[in-house]
Amino acid sequence: MLIKRPNAIRPSEITPESVYRERRRFLKLGAAGAIGALALPAQAGLFGGSDEGPPGKPDFPGLKQSRFSVDEPATSWESVTTYNNFYEFGTGKEDPAENAHTLVTDPWSVAVAGEVEKPGNYAFEDLLKPHTLEERVYRMRCVEGWSMVIPWVGFPLADLIRRLGPTSRAQYVEFTTLHDPQQMPGQRRAVLDWPYVEALRIDEAMHPLTLMAVGLYGRELPNQNGAPLRLVVPWKYGFKSIKSIVRIRLTEKQPQNTWNEMAPHEYGFYANVNPAVSHPRWSQARERRIGEFLKRDTLPFNGYAEQVAHLYRGMDLKRFY
Amino acid sequence: MANRKDPIPWIKAVVFPAALLPTLYFWFAALTGNLGANPIEALIRGHGDWALRFLLLTLAITPLRRLSQWGGIMRFRRMLGLFAFFYATVHLLGYLMLDQFFAWGAIMEDIVERPFITVGMAAFALLVPLAITSTRKMQRRLGGRRWLRLHRLVYPAAALAVLHFYLMVKADTREPLIYALLLAILLLMRLPPVARAITRKP
């Protein structure tokens with residue numbers, strides 16, 4: 001499989017945390033001047049974001065910086081951890097931050113099943129141990145028309161799949177979120193068909209951009225962001241990046257993903273970010289980057305076209321949305 | 001109680017500023033950075049919620065008069081209706097000016113292609129003539145019967161407003177369905193047999 005590397009980005013070009021923080025502060029000061037003394041944002045005013053950093057000390061000291069990171073100012077810790085779609089904890093954006101404390105992430109285990117040589121139940125720590133964690137700053141584009149830039153901590157899914165030994169019949173990888181209404185109060189109502197399921201084609205799963213994340217901003221994942229283990233597929237709409245994974249199954253047939261099952265005309269299996277294909281209820285041409293006032297143009301494959309467009313060569317993206 | 005002084009202006013003097021509290025809260029919180037990570041969305045949705053609430057409150061006046069036999073309550077109807085229009089206007093302007101920032105091409109595309117926006121615009125369009133003809137002068141100029149007939153537009157407007165909300169949500173339809181249920185009750189109470197049954201005899 002030919003994988004195009006984004007050789008335009010060298011490690012030296014990646015912005016260190018202290019610098020992008022400073023830049024945010026500078027941008028905000030400009031915005032504050034524009035609307036006068038009212039703009040002293042505790043979080044995010046109408047015209048700019050907050051620069052409040054994550055609490056405490058980093059959980060992953062000495063993280064390797066990934067050359068796959070984008071050079072764009074990261075969305076504030078506050079926004080990344082309080083504005084979430086995680087229906088298992090409620091359908092409001094602020095519900096997960098409020099309710100996710102009931103999730104127990106330790107102990108945690110992941111069932112590996114299907115077309116693999118080494119199926120079984122893996123303790124989270126054992127699953128993680130062989131991997132070197134790195135920081136990757138990725139764009140995240142929600143199907144609802146907003147976006148963020150998030151410094152994830154994780155490792156390539158490809159490394160994990162290789163270690164599990166996929167059989168020749170493995171064509172897709174299916175992921176399942178924890179189903180436990182005791183811990184996840186949102187599951188007490190049938191808003192979606194629980195448990196939440198997502199899936200990738202095997203070549204998408206093996207792509208070097210596809211990340212298994214265990215942290216953000218150098219901290220362990222907050223529960224509302226999908227602790228302790230989640231998927232991050234930066235060229236697809238956010239709902240593909242399934243949270244709090246308890247099961248990974250390799251399959252021969254294309255699995256049914258939850259939102260596609262719920263509303264097939266609105267959410268596809270691929271869900272690649274595509275400004276040319278509108279959602280039936282809103283345009284996907286532009287997006288609001290959280291913390292910014294003006295919308296920006298949405299990029300094909302969320303700006304990762306150079307790396308991933310070849311995966312879909314010859315496919316009608318209007319049909320396979 | 002035989003009160004020679006009319007209490008209604010005093011009640012209105014309380015209701016009026018109270019009805020402004022939501023918008024004051026949203027703007028103050030938005031400008032000071034206390035309206036969450038996406039303040040534009042929160043501001044627009046907040047005003048939409050209150051437009052719907054004031055619309056239902058306006059529609060509750062007539063059934064409440066029948067239930068209570070207190071005619072004075074009718075004197076709050078115009079104020080509540082105009083507050084519904086006010087919140088709907090800020091809701092719409094927020095979409096045009098803050099969310100879309102005058103991107104007329106995108107706005108036209110939304111109106112034509114997104115059913116929830118088409119329906120929302122239609123609801124607002126129906127409210128405009130009602131707000132314009134809300135003054136006593138316009139009421140006189142139109143004549144009572146024509147004015148009443150025109151103001152029946154509030155029923156389709158409310159139905160479209162609820163539908164607008166219902167079509168907007170992705171999966172959790174509970175909240176718009178609650179509004180739909182309340183609206184259905186308020187409309188049922190206007191059916192002549194029901195209206196007769198609930199009217200308290202003096």
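Because only heavy atoms are used, hydrogens play no part in the values below, and waters and symmetry mates are left out as well, while side chains stay in. Labels below follow one simple rule: chain letters A, B, ... track the order of the sequence lines, proteins then strands, and each chain is numbered from 1. Quick caveat: nothing in here was measured; it's all calculated off a predicted structure.
Dense packing is recorded around CZ of B:F116, with more than 12 heavy atoms of other residues, nucleotides or ligands lying under 6.0 Å away. Other residues, nucleotides and ligands place more than 12 heavy atoms under 6.0 Å from the CZ atom of B:R190. Sparse packing is recorded around CZ of B:R145, with 12 or fewer heavy atoms of other residues, nucleotides or ligands lying under 6.0 Å away. Few gaps surround CH2 on B:W70; more than 12 heavy atoms of other groups in view lie less than 6.0 Å from it.
Between A:E94 and B:G36, the closest heavy-atom pair is OE2-CA, 3.5 Å. Shown here for B:P115 and A:P280, the closest heavy-atom pair between the two residues is CD-O, 3.9 Å. The two residues A:V191 and B:A171 have their closest heavy-atom pair at CG1-CB, 3.8 Å.
Here the straight-line distance linking atom CD of B:E113 with atom OG of A:S283 works out to 8.5 Å at 0.5 Å rounding. In this structure, CG on B:N38 lies 8.5 Å from CH2 on A:W146, to the nearest 0.5 angstrom.
Interface remark: A:N85 contributes side-chain atoms only to the contact with chain B (heavy atom separation under 4.5 Å). Interface residue B:A106: only side-chain heavy atoms are found under 4.5 Å from chain A. For chain A, the nearby parts of B:Q100 are the backbone and the side chain; heavy atoms of each come within less than 4.5 Å.
Considering only heavy atoms from C-beta on, A:R288 comes within 4.5 Å of B:D99 through its side chain. For the pair B:R114/A:S278, a side-chain contact is recorded, criterion being any heavy-atom separation below 4.5 Å from C-beta on. Under the 4.5 Å side-chain criterion, counting only non-hydrogen atoms from C-beta, B:D172 is not in contact with A:Y87.
Salt bridge status for A:E144 with B:K170: present, with a side-chain N to carboxylate O gap under 4.0 Å.
A:R281 places no side-chain N or O within donor-acceptor distance of the main-chain N or O of B:I117, the cut-off being under 3.5 Å.
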Candidate pair A:W282 and B:D110, rule side chain to side chain contact (heavy atoms under 4.5 Å, CB included), full reasoning: CA-CA 7 Å; A:W282 49 82; B:D110 267 0; 5.6 Å; no

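In terms of heavy-atom pairs under 4.5 Å with chain B, the best-connected choice from A:R189, A:M262, A:K295 is A:R189.
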